[in-house]
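Working notes, beginning with the structure itself.
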Amino acid sequence: MAKYEMLYLLNSELSEEAREAEMKKYADIVTSMGGTVESTDKWGVRKTAYPIKFKTEAFFVLMTFVADGSVVTELDRIAGISGEVLRRMITKVA
């Protein structure tokens, strides 16, 4: 098992409940596949460097977790399908 960070940008127009549900969904994927979530940092609404899907602001979230590589593949797949995630990036922490 390795340590990873997932930075994802959520639609800034989401309600607080929808935003929390989206964050819980990704944490649940990690735990259901045998990993552990170390922390979830909510950076809040920030301006993006360039428009993404015609939006110039997004809610930034950084999740740190320990899991197998299969979890990374599943997280990337689910985040890619979700209409609320504008961008995502998963990196291995050395």
Side-chain angles (χ1 to χ4, degrees):
M1 295 232 259
K3 187 173 183 177
Y4 297 93
E5 287 183 340
M6 177 180 177
L7 177 67
Y8 55 100
L9 283 58
L10 295 174
N11 185 347
S12 61
E13 297 167 0
L14 282 176
S15 67
E16 185 65 31
E17 297 82 28
R19 196 178 296 147
E20 291 295 327
E22 199 73 19
M23 288 186 279
K24 184 178 179 339
K25 177 170 71 172
Y26 298 113
D28 288 347
I29 290 170
V30 173
T31 54
S32 70
M33 294 182 74
T36 57
V37 176
E38 292 186 351
S39 67
T40 302
D41 296 328
K42 302 171 196 167
W43 292 359
V45 177
R46 296 180 177 211
K47 284 197 161 295
T48 57
Y50 51 87
I52 303 171
K53 297 184 182 175
F54 303 105
K55 300 188 185 317
T56 57
E57 289 185 340
F59 189 89
F60 286 62
V61 181
L62 178 69
M63 179 174 70
T64 306
F65 62 97
V66 176
D68 291 326
S70 61
V71 176
V72 173
T73 305
E74 183 66 7
L75 280 172
D76 193 45
R77 184 183 77 80
I78 298 294
I81 293 170
S82 174
E84 305 305 336
V85 176
L86 303 178
R87 285 282 190 275
R88 79 258 182 217
M89 180 174 64
I90 303 173
T91 55
K92 189 173 184 178
V93 177

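Just so it is clear, the structure is predicted and the values come from calculations on it, not from any experiment.
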To the closest 0.5 Å, what do you measure between CE (M89) and CG (L7)?
5.5 Å

Tell me, please, which residues at least two apart from T56 pass side-chain hydrogen bond (donor to acceptor under 3.5 Å, both in side chains).
none

Members sharing V37's hydrophobic cluster (side chains within less than 4.5 Å)
Y4, M6, Y8, L10, L14, M23, Y26, I29, V30, M33, V45, F59, V61, M63, F65, V71, V72, L75, I78, V85, I90

Closest non-hydrogen contact found for A58 with S12 is CA-CB, 4.0 Å

Give me each pair satisfying salt bridge (charged side-chain N to carboxylate O under 4.0 Å, His left out) with a member in residues 48-67, each pair once, sequence neighbours excluded.
E13-K55

ring-ring contact (aromatic ring centres under 6.0 Å, His included) contacts in which one or both residues fall within residues 27-56, not counting sequence neighbours:
none

d(S32 OG, K25 NZ) to nearest 0.5 Å is 12.5 Å

Can you run down the salt bridge (charged side-chain N to carboxylate O under 4.0 Å, His left out) pairs that involve residues 59-76, sequence neighbours left out, and say none if there aren't any?
E74-R77, D76-R88

Can you name the closest pair of heavy atoms from G35 and A67 and give their distance?
CA-CB, 4.1 Å

Give me the other members of the hydrophobic cluster that M1 sits in, counting Ile, Leu, Val, Met, Phe, Trp and Tyr linked by side-chain heavy atoms under 4.5 Å, directly or via other members.
V66

Going by the rule salt bridge (charged side-chain N to carboxylate O under 4.0 Å, His left out), which residues pair with E84 if we only count those two or more places apart in sequence or in a different chain?
none

What residue pairs, at least two apart or across chains, pass salt bridge (charged side-chain N to carboxylate O under 4.0 Å, His left out) with a residue in residues 31-48?
K3-E38, E20-K42

Should side-chain heavy atoms under 4.5 Å link Ile, Leu, Val, Met, Phe, Trp and Tyr, which residues sit in the same cluster as I81?
none

Report the residues that fulfil salt bridge (charged side-chain N to carboxylate O under 4.0 Å, His left out) with E16, sequence neighbours left out, ordered by chain and then residue number.
R19

Not counting sequence neighbours, list each pair that qualifies as a ring-ring contact (aromatic ring centres under 6.0 Å, His included) and has a residue in residues 69-94.
none

